[in-house]
Amino acid sequence: MAFIQISRSNFDHNLNQLALKAGSKERLAVVLKDNAYGHGLEIMARMAAEYGIGQAVVISNGEAERIRGHFDNVLILGDAPKVDERLSYAVSDLGILRRIDPRVKVELKVDTGMHRNGIRMEELEAALEIVRSRGLRLFGVMTHYRSADELTSEYFWQKKNFEWVKEKVEDSGFEEVRFHSHNSAALLRSKGFDEDLARVGIAIYGYNTLPEGFDPVELRPVLSLWARRASSRRLKAGERVGYGGEFCAPRAMSVSTYDLGYGDGWPRGDASRPYRTEEGKEILGRVSMDFISLEGEREECCIMADAARAAKHFGTIPYEMTTALMPWIPREVVE
Ligand SMILES: *Cc1c(COP(=O)(O)O)cnc(C)c1O
């Protein structure tokens, strides 16, 4: 079975860096949605809690149930609200505000420019009026940036919009509301971060997605992907490997199959442009559903220890590389 190693020291290093940026670890909410970006939900929740993080963000009630014991509060971004002291819900719609159970902890999401989720800024006053008249529990007010990781001024006008939102909420007499807008890229580029919380995802896993030109914050990949040798053979020069025989042995060589394939979430890619493993070995020929071929007879090979490098190769982003890794691949923590 292929397996995943999770480096505790790299994770702690990343949290240290982010806590410095945020001002304290109490201001960090770890984003653990989608199986903690493929790293393993329970493992990452436990390690974050052991580090001293009290806040988490997930997408569903099901995810929240599995990790709730580790955190003071879990924010759920996309599921049906439930009344629960330990759970809060992003609410993006006036209709929901009108009919939600008044005991739910609401985090009102305001669209400050991304135009994906959130009430419009023009609707804020109406939303606050519903909150007031129905006696809802306004636990937080949040927004999300569309281009925090691009070297443009977009982040600034959206931030300005959120400042306006904050002022409106405070002027309307709401106290003890937590405000949060920053994801990883926004926190990493911020100077003098002063919100209550940053919702950090990709950065805790070790990827700084900011382009050159920002102060570099060094982060370390937490996940490495390994595969085990399934079988080996000697090839003569001219013999071919795998579906379509796309790899042709240029000389006599020893080749092994390893137990990782596109069924595990590893990209099939383009065999004419082979990916190189962490040890510099080319994947030979096409990726099968459950196997890849590499030269040599090593028992275990590290296929990927840097999802940013792999993402570049496959024309995607590190988020997709790690999130695609299937939950049944065993994950183990190494110190
Ligand atoms: C996924 C997500 C985040 C985390 O984003 P990163 O870029 O991984 O830090 C923060 N906020 C919301 C609303 C999200 O959906």
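Just follow the structure's listing: the first ligand is 1, and inside any ligand the first atom is 1. None of these values were measured; they are calculated from a predicted model.
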Visitor: Any N or O on G201 sitting closer than 3.5 Å to an N or O of ligand 1?
Guide: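 It does: an N or O of G201 is found under 3.5 Å from an N or O of ligand 1.
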Visitor: With a 3.5 Å distance limit and no angle check, can you tell me whether R99 reaches the backbone of G95 through a side-chain donor-acceptor pair?
Guide: yes
Visitor: Among residues at least two apart in sequence or on other chains, which ones pass side chain to side chain contact (heavy atoms under 4.5 Å, CB included) with D264?
Guide: L260, W328, I329
Visitor: Decide if the gap between the ring center of Y145 and the ring center of H182 is smaller than 6.0 angstrom.
Guide: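 Centroid distance Y145-H182: below 6.0 Å, so yes.
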Visitor: Which residue supplies the protein heavy atom nearest to atom 8 (O) of ligand 1, what is that atom called, and how far is it?
Guide: Y37 OH, 2.6 Å
Visitor: Atom 11 (N) of ligand 1: which protein heavy atom is closest, and how many Å away?
Guide: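 Ranking protein heavy atoms by distance from atom 11 (N) of ligand 1, first comes R199 NE, 2.8 Å.
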Visitor: So which protein heavy atom does atom 15 (O) of ligand 1 come closest to, and at what separation?
Guide: K33 NZ, 2.7 Å
Visitor: Quick check on the hydrophobic clustering: are L136 and F139 connected, directly or via other members, by side-chain heavy-atom contacts under 4.5 Å?
Guide: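 L136 does not cluster with F139.
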Visitor: Could an N or O of ligand 1 be found under 3.5 Å from any N or O of K109, whether backbone or side chain?
Guide: no
Visitor: Considering the heavy atoms of Y319, write down every atom of ligand 1 situated less than 4.0 Å from one of them.
Guide: 6 (P), 7 (O), 8 (O)
Visitor: Ring centroid separation for F314 and W266, is it under 6.0 angstrom?
Guide: yes
Visitor: Is the backbone N or O of R220 less than 3.5 Å from a side-chain atom of N14, with the two atoms forming a donor-acceptor pair by type?
Guide: yes
Visitor: How far is atom 12 (C) of ligand 1 from its nearest protein heavy atom, and which residue and atom name does that atom have?
Guide: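 Checked against all protein heavy atoms, atom 12 (C) of ligand 1 sits closest to H144 CE1, 3.4 Å.
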Visitor: Note the single closest protein heavy atom to atom 9 (O) of ligand 1, along with its residue, its atom name and the distance in Å.
Guide: S184 OG, 2.5 Å
Visitor: Which is it for L77 and ligand 1 at heavy atoms under 4.0 Å: side chain, backbone, both or neither?
Guide: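 Side chain only.
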Visitor: Which residue from I202, I317, V58 reaches closest to atom 6 (P) of ligand 1 through any of its heavy atoms?
Guide: I202
Visitor: By the rule that ILVMFWY residues connect when side-chain heavy atoms come within less than 4.5 angstrom, directly or transitively, which residues belong alongside L235?
Guide: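 When side chains under 4.5 Å apart are linked, the cluster holding L235 also contains V241, F247, M253, V255, L284.
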